[in-house]
2 protein chains.
Amino acid sequence: MTGLPSDNHLPDNQVAAARARLAACFDVWSAGDFDLSLCPVRGVLDHLGDKWTTLIVIVLALRPHRFSEIRRAIPDISKRMLTQTLRDLERDGLIARRVFPTKPPSVEYSLTALGQSLLEPLTALVTWAEASRPAIEAARTAFETAEAAVP
Amino acid sequence: MTGLPSDNHLPDNQVAAARARLAACFDVWSAGDFDLSLCPVRGVLDHLGDKWTTLIVIVLALRPHRFSEIRRAIPDISKRMLTQTLRDLERDGLIARRVFPTKPPSVEYSLTALGQSLLEPLTALVTWAEASRPAIEAARTAFETAEAAVP
DNA sequence: AGACCTGGTCTATATATGAGACCTTGAGAG
DNA sequence: CTCTCAAGGTCTCATATATAGACCAGGTCT
């Protein structure tokens, strides 16, 4: 059984290490009756997939922003989603909310230390996404061509 | 204006580097009329937030799996979502689908080289999530306590 | 007074997900 | 020969969640 696709590419040390790490995590997660809500990644990655979360974290990584500044930085986010996403991030301790008693009151959002610690793995993912975009787009084109050929 | 929360924690070199990198990305993305669909990260991270995608990638990172093997590994996924998520991943070139002409036919899914290259940043994120879980849970508890105090 | 900022909420719809019936092909039970 | 089952799906319908868009409260400015 040497024909497995995964054998076609010798995984380098980092891939092997990643695999081992993920295997360990998976063992732990699936041990306890497999309650997926216990999976620590899910509780966090769910938010990262929330369409705006990543973008807001990136914006706040540049510098602290006020509510309306974020809206200007991300024009097509609705107020509702901005409020909700900020609330979620604040709830998780990733961002801090400071109210200034001006008239009208202004509110400044900024990354906490915990939020800043997310920048490293997030940047790794962003870098990967950028580097992989050509390959992914090529794969999509190929996939659509193939599926159009089999009507 | 030294009271910004972000000044409270001196970002180490890696955080600063991450910030600079994200700033560069953001500049590029927001340059072109801010069509978010152009943002390369979105097209990829959307999928990673898809609730099952990450888990399936992790399962396939361990070794190639057949359709039903994945179902057994992730008991509470429905066939519908498994099919759809696998299709999306295949479409993006992250996994390969191989049909064996047995009776009944069996189908094996495995990570491609591109999919394996995702393991590194994904593991970084998983590691971060595990390390940060206590802090996040503490923040959630504190947040709920605070909001319960202001009815 | 009337237009217009701030941050934020309420309602209505789009999208994602879940539950489960159905399909095709062949093997084995009766 | 018919019945049932299994793999690997697809299809339809119901619901859960995500998102958009109108609206609100209070203040400032003209």
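Just so it is clear: chains get the letters A, B, ... in the order the sequence lines come, proteins before strands, and each one is counted from 1.
Partners of A:Glu69 by salt bridge (Lys or Arg N to Asp or Glu O under 4.0 Å), not counting sequence neighbours, listed by chain and number: A:Arg63. The side chain to side chain donor-acceptor pair (under 3.5 Å) check on B:Glu137 picks up nothing, with sequence neighbours excluded. Scored by the side chain to side chain donor-acceptor pair (under 3.5 Å) test, B:Arg87 finds no partners at all (sequence neighbours excluded). Looking at residues two or more places apart in sequence or on another chain, you find a side chain to side chain contact (heavy atoms under 4.5 Å, CB included) between A:Arg140 and A:Ile136, B:His47, B:Arg91, B:Asp92. Contacts of B:Val59 classified as side chain to side chain contact (heavy atoms under 4.5 Å, CB included), with partners at least two apart in sequence or in another chain: A:Phe26, B:His65, B:Ala73, B:Ile74. Residues satisfying the side chain to side chain contact (heavy atoms under 4.5 Å, CB included) criterion with A:Ser68, sequence neighbours excluded, are A:Arg72. Residues forming a side chain to side chain donor-acceptor pair (under 3.5 Å) with B:Thr141 (at least two apart in sequence, or on another chain): none.
With rounding to whole Å, B:Gln84 atom CD is found 12 Å from D:dT10 atom C1'. Rounded to an integer number of Å, the gap from B:Ile77 CD1 to D:dG8 P is 15 Å. If you measure from atom CG of B:Leu82 to atom P of D:dA7, you get 13 Å, rounded to the nearest angstrom. In this structure, the CZ atom of A:Arg98 is 19 Å from the P atom of C:dT6, given to the nearest Å. We find that CZ of B:Arg72 is positioned 11 Å from P of D:dA6, with the value rounded to whole Å. B:Lys51 places its NZ atom 19 Å from the P atom of C:dT15, with the value rounded to the nearest Å. Rounded to whole Å, the distance from CZ on B:Phe67 to C1' on D:dA6 is 13 Å. To the nearest angstrom, P of D:dG9 lies 11 Å from CZ of B:Arg71.
Remark: the backbone N or O of A:Gly115 is paired with a side-chain donor or acceptor of A:Thr112 at under 3.5 angstrom.
For B:Ser110 and B:Arg98, the side-chain atoms include no donor-acceptor pair closer than 3.5 Å.
One finds a side-chain N or O of B:Tyr109 lying less than 4.0 angstrom from the OP1 or OP2 phosphate oxygen of D:dG9. Applying the 4.0 Å criterion to OP1 and OP2 of C:dG7, one finds that A:Ser68 has a side-chain N or O inside that range.
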Write out a two-atom table: protein N or O, nucleotide N or O from nucleotides 21-28 of chain D, distance below 3.5 Å.
| from | atom 1 | to | atom 2 | distance (Å) |
| --- | --- | --- | --- | --- |
| D:dC23 | N4 | A:Lys79 | NZ | 3.3 |

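Contacts between residues 85-94 of chain B and DNA chain C, counted as heavy-atom distances below 4.0 Å, involve no residue at all.
Considering only the side chain of A:Arg66, C:dG7 comes nearest among C:dG7, D:dA20, D:dG9.
Using a 4.0 Å heavy-atom cutoff across all strands shown, B:Ser106 reaches sugar-phosphate atoms only and no base atom.
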